[in-house]
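Structure, as structure tokens:
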Amino acid sequence: SGRSEYNLRSPICCIMGHVDTGKTKLLDCIRGTNVQEGEAGGITQQIGATYFPAENIRKRTKELKADANLKVPGLLVIDTPGHESFASLRSRGSGLCDMAILVVDIMHRLERQTVESLNLLKMRNTNFVIALNKVDRLYGWKACDNASIVKAMKQQSRDVQSEFRMRLTQVVTEFKEQGINTELYYKNRDMGKGTFSIVPASAISGEGIPDLLLLLVQWTAKTMAERLTYSNEVQCTVLEVKVVEGHGTTIDVILVNGVLRDGDQIVVCGMQGPIVTSIRSLLTPDAMKELRVKGSYEHHKEIKAVQGIKITAQGLEHAITGTSLYVVGPDDDMEGIKEAVKGDMRSVMSRVDKCGEGVYVQASTLGSLEALLEFLKTPEVNIPVSGIGIGNVHKKDVTIASVMLEKKKEYATILAFDVTIAHDAKELADKVGVKIYTADIIYHLFNQFKAYIDNLKE
Ligand code: GDP
Ligand code: MG
């Protein structure tokens, strides 16, 4: 990926929105067209992310702006599997993503997860652009493959243009109801000053994709020069912990700054404290394979930011996603690094109300736990928490939650987000009368719990 002459790193962007709005298809569209046009050059599918080199983006957007000076070496787009996981994408105390694309289906307008995504973006203070996707579904739309949206719109009949305007107005109104000002991006003079940009697009025929790419790259380079200045100091976030056949437990990371090398001594945050280990191999998906064989990886001696990387090493079984990875340099103080790792955990733990009465909250990652705690604290929800855990629910968690049976029975409850319940934990809970609610959407957990409380009150 390298660095540009401006010494900027590639911006990291994540794609969010309600299910089926076309997040994956948008990424496919950007990748696919380039392959079709024989311009695959350099686009690589990475671990949970896709890297688009500036050269590629320049070609793709030349009709909009010839010889655009992009200033950054490329763009890394993270395809977040669920919008909640965005909360766990953190780096040095703030969001990992420099920018986000919030995808809205023009036919469905704002949906529940659009609003949840908005709240997460606000919480992380992350800037975003809105991709108003599926414009090709407007009745009578004439496809203008990969054209800029202004050009494509000019080719449309009066009826299509007026349907577009009507639907756009509805979307703008719905955003306003959420307290968000929006405007078509090419009319938006207040981007970054409180008005968010809307880019109409189609992930099927590609209209608006050049606009989206150029806007993202130019906007980040223009307004985030400081944040994007490349640093040699390693900045790296654990995205996922996965068991891979032949490699044991591996971690997928996004390297934001610096260089990782084969054999580097690293420290990551674990359930039982800091994990000190050495990088056994640095892997990226095999770029040479057109139809990638699953589990086919390229090995690297060293990798420079920005990249998505799979790391194999010993002792990663209890690594926690959403936390930072540190490299121990020859002059570094190991104890200091361990303290920094522990700090990540402590900052979350310290948020729990120590008054002792409340539910027990269990989540899959540090980030999702934080998101859940923040959600439970909001005035509309307002559910007190007495204990927290990360990872699957075990007997010991049930035992802790059962303490509430004598204090406040309705709080003898575990709210479990995106985790599994061990069989013996379930048995114990049933026996002693601890309720366990599970969900993989935060909102559902709250609804279930609220229904239960309302039931008790009757
Ligand atoms: P995701 O859940 O947000 O990742 O949505 P997908 O990318 O899986 O898309 C959901 C469905 O919408 C699929 O059937 C896509 O083919 C379709 N789709 C996505 N983008 C567009 C678009 O721009 N136009 C049309 N007509 N269909 C689309
Ligand atoms: Mg998808």
Side-chain angles (χ1 to χ4, degrees), residues 13-36 43 45-50 52 60 76-89 97 99-118 120-121 128-153 155-157 159-161 163-164 167-168 170-171 184-185 198-213 215-216 239-240 252 285 292 294 308 418 440-441 443-444:
C13 183
C14 73
I15 190 155
M16 302 174 78
H18 197 79
V19 65
D20 280 349
T21 49
K23 299 178 291 296
T24 304
K25 196 80 190 167
L26 271 170
L27 285 178
D28 281 351
C29 175
I30 304 174
R31 277 193 296 260
T33 317
N34 282 279
V35 173
Q36 276 163 20
I43 292 184
Q45 280 214 41
Q46 306 198 335
I47 302 295
T50 306
F52 302 101
R60 196 72 204 264
L76 187 85
V77 183
I78 298 178
D79 188 3
T80 38
H83 66 293
E84 292 86 0
S85 61
F86 168 78
S88 64
L89 302 179
C97 295
M99 188 96 187
I101 305 170
L102 179 59
V103 187
V104 173
D105 181 333
I106 191 166
M107 293 302 175
H108 292 160
R109 306 192 298 276
L110 270 64
E111 297 172 270
R112 207 202 55 242
Q113 286 169 287
T114 321
V115 176
E116 286 192 22
S117 300
L118 264 180
L120 289 168
L121 288 164
F128 59 91
V129 298
I130 297 148
L132 190 57
N133 193 32
K134 307 198 186 181
V135 291
D136 61 283
R137 288 194 57 201
L138 296 172
Y139 185 74
W141 180 264
K142 226 166 79 193
C144 308
D145 290 0
N146 307 309
S148 80
I149 196 64
V150 175
K151 188 175 166 190
M153 208 52 85
Q155 314 292 315
Q156 306 305 321
S157 68
D159 283 352
V160 172
Q161 290 184 1
E163 189 192 348
F164 170 74
R167 292 191 182 274
L168 175 70
Q170 289 175 331
V171 168
L184 274 179
Y185 91 94
I198 296 178
V199 182
S202 166
I204 299 283
S205 37
E207 294 92 347
I209 303 292
D211 313 62
L212 192 59
L213 283 173
L215 183 63
L216 283 172
L239 272 190
E240 273 192 87
D252 293 352
R292 279 199 349 267
K294 219 176 169 200
D418 191 28
D440 44 20
I441 293 174
Y443 196 80
H444 288 173

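First listed ligand is number 1; within each ligand, the first listed atom is number 1.
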Quick one: does [X]'s side chain have a donor or acceptor within less than 3.5 Å of a partner on [Y]'s backbone?
X: Lys25; Y: Asp20; value: no
X: Glu207; Y: Ser202; value: no
X: Asn133; Y: Val103; value: no

At their closest point, which heavy atom of [X] faces which heavy atom of [Y], and how far apart are they?
X: Cys144; Y: Gln156; answer: SG-NE2, 4.1 Å
X: Lys134; Y: Ile106; answer: O-CG2, 3.5 Å
X: Ala147; Y: Pro210; answer: O-CD, 3.9 Å

Give the atom numbers and elements of ligand 1 that come within less than 4.0 Å of a heavy atom of [X].
X: Arg137; value: 26 (N)
X: Lys23; value: 1 (P), 2 (O), 3 (O), 4 (O), 5 (O), 7 (O)
X: Thr24; value: 4 (O), 7 (O)

So which heavy atom in the protein is nearest [atom], and how far is it from that ligand atom?
atom: atom 23 (O) of ligand 1; result: Ala203 N, 2.7 Å
atom: atom 6 (P) of ligand 1; result: Gly22 CA, 3.7 Å
atom: atom 17 (C) of ligand 1; result: Lys134 NZ, 4.0 Å
atom: atom 16 (O) of ligand 1; result: Lys25 CD, 3.8 Å
atom: atom 2 (O) of ligand 1; result: Asp20 N, 2.8 Å
atom: atom 27 (N) of ligand 1; result: Ile204 CG1, 3.6 Å
atom: atom 20 (N) of ligand 1; result: Asn133 ND2, 3.2 Å

Practice task
Just let me know how Thr21 lines up against ligand 1, side chain, backbone, both or neither, with a heavy-atom cut-off below 4.0 Å.
Solution key: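 Both of them.
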Practice task
Run the contact test for Gly17 against ligand 1 with a 4.0 Å cut-off on heavy atoms, strictly below, and give the result.
Solution key: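 It does not, in that no heavy atom of Gly17 comes within the 4.0 Å cut-off of ligand 1.
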Practice task
Find the distance between CG (Asp105) and CG (Leu110) and round it off to the nearest 0.5 Å.
Solution key: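 Between Asp105 CG and Leu110 CG, I get 11.0 Å after rounding to 0.5 Å.
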Problem - From CA spacing to verdict: side-chain contact (heavy atoms from CB on, under 4.5 Å), Val135, Trp141 - result: CA-CA 8 Å; Val135 291; Trp141 180 264; 3.8 Å; yes
Practice task
For the pair Leu26 and Ile30, evaluate side-chain contact (heavy atoms from CB on, under 4.5 Å) and give the outcome as yes or no after the intermediate values.
Solution key: CA-CA 6 Å; Leu26 271 170; Ile30 304 174; 5.5 Å; no
Problem - Contact bool for atom 9 (O) of ligand 1 (protein heavy atom, d < 4.0 Å) - result: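 Protein heavy atom within 4.0 Å of atom 9 (O) of ligand 1: present.
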Exercise for the section: Measure from atom 25 (C) of ligand 1 to the protein's non-hydrogen atoms and state whether any distance is below 4.0 Å. Expected result: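 It does: a protein heavy atom is found less than 4.0 Å away from atom 25 (C) of ligand 1.
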